[in-house]
Amino acid sequence: MPKVLIAGGGIGGLVTALTMHQIGVSCTVFETVRELRPKGVGLNLQPNAVRELYDLGIAGATLNSVGVPLQEWSLVARSGQVLVSEPRGLTAGYRWPQFSVDRGLLHMLLYHLVLRRMGAGTVVLGARVTGYRQSARQVTVILADGREETGDVLIGADGIHSVIRAQMYPDQPPPNRGNAVLWRGVTRARPIRGPYSFVGMGEGDKRIVLFPISHPGSDGLARINWIGVRTVADQAAPQSDSWIRPAPPESFAPLFKDWALDWIDVPGMMRAADAAFETPLLDRDPVPTWRDGRVALLGDAAHPMFPAGSNVISQAIIDARVLGAAMVEHGVTTRALHQYDDQLCGPVAALVRRNRGEGPFELLRLVEARCGGDMDSIDTLFPKAEREEFMARYKIASGFAREVLNASPSLIAPGAQVAPRRRPPSPLVAQ
């Protein structure tokens, strides 16, 4: 049986493992940490990614245990005036919902599914991959403790600081540092606008987004994920490349003191969080290919991008499924890696560059530039039809335009399997 080696046990790596199981391919996941624990705050899964989880047998009821289906996506002025309000998921006519979820709970859900479906030995913890070597027929991962394992292909799903990518591109520069600081947290509070609404607000050098990651309780309160963003001068950007680090709310909540409003108290919500974190705004310049022989990159190892439009985790899920579809067609071969790379590398590079322009949140900047803070004139200076066209272009670029997605077939057909590898005929058998 062909074997896939996966470096990295994050969400992208685990969805890749589940996809391999679905199509009948053996795999092993190598994860650096010795114990997987819930980590991170909230994230959004676009309908195209949710469709793929459904096709893996991860149904809506299961996702409801780690998050909620979003029904509205909105941008608002500080006054509370709505700039954009769009339905999302099933409410918008998609065949699949859009989910906002607790990242740590989703990660653990996928991890336990891998163990249950594939066996405890599928994920090797405390196994730091330091590199690879390959021949025409196989690839071998090299672990920090000297262990090695050989397979047919290697998938580097080891994040923005990927050692697999570093071996492919030894002269790559450090990650690009965006001119913004992000603070994240989760606060139990009353949802803004509605129980299943995403809300974004910004002006000047500040922005905040809020969305629920749990259903409201009997008290009407839900776990609200919030992300505060402040634009800073390049030299003032944090210098740590750590993915996430604790940050006391008092170190940043005062920056949002003028957003203690009658309809939302942003600094109060920040101070009430169980824990808060600071994250750097990082990406990398796109590379010409994600493939090196029997090795391919996936997720943040392939295309680290600014989190401007809920694309980061959704794209990693799509990566895994496109890879699986290529293997169904071509087997666990370099030809499958070629197809995967040809299909995604170029278009996702364009998405990485687009997200540097703040993705859909660029609309907040455009509105402020045109209206100068006078929100009474928004429909005159930035007509609704133009705002809707802006959002439609972004959805097309991000791969979840409703009509296209609803009409497209599953990436991996139900029951599809990788065909058994044919052995060369014995020279003793007459031809």
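Using a cutoff of 4.0 Å between basic side-chain nitrogens and carboxylate oxygens, Glu35 and Arg37 are scored as salt-bridged.
Side-chain contact check for His330 and Gln339: at least one donor-acceptor pair (N or O, by modelled atom type) lies under 3.5 Å. Counted by atom type alone, Asp319 and Gln315 present one or more donor-acceptor pairs between their side chains at under 3.5 Å.
Counting non-hydrogen atoms of neighbouring residues, nucleotides and ligands closer than 6.0 angstrom, the CZ atom of Arg117 exceeds 12 such neighbours. Surrounding CG of Asp145 are more than 12 heavy atoms belonging to other residues, nucleotides or ligands, all under 6.0 Å away. Residue Arg271 qualifies as enclosed at atom CZ: its count of foreign heavy atoms under 6.0 Å is above 12.
For Asn406 against Trp96, the heavy-atom pair with the smallest separation is OD1-CZ3, 3.6 Å. For the residue pair Arg147 and Ala127, the shortest heavy atom distance occurs at NH2-CB, 3.9 Å. Closest approach of Val328 to Ala416, counting heavy atoms only: CG1-CB, 3.9 Å.
Although no hydrogens or angles enter the test, the distance criterion places no donor-acceptor pair under 3.5 Å between the side chain of Arg128 and the main chain of Thr32. In this structure a side-chain-to-backbone donor-acceptor pair under 3.5 Å is present from Thr333 to Ala336. The main-chain N or O of Ile142 is found under 3.5 Å from a side-chain atom of Thr130 such that the two form a donor-acceptor pair. Without hydrogens or angle criteria, Gln417 side chain to Gln22 main chain gives a donor-acceptor distance under 3.5 Å.
Residues meeting the side-chain contact (heavy atoms from CB on, under 4.5 Å) test with Leu36, sequence neighbours left out: Glu31, Val33, His107, Met108, Tyr111, Leu125.
Ring geometry, Trp73 versus Phe198: the interplanar angle falls under 30°, so the pair is classed parallel (tilted spans 30 to 60°).
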Mind listing the side-chain donor-acceptor pairs of residues 11-20 below 3.5 Å, one per line with the distance, residues two or more places apart or on another chain?
| from | atom 1 | to | atom 2 | distance (Å) |
| --- | --- | --- | --- | --- |
| Thr16 | OG1 | Gly12 | O | 2.8 |
| Thr19 | OG1 | Val15 | O | 2.9 |
| Thr19 | OG1 | Arg321 | NH1 | 3.1 |

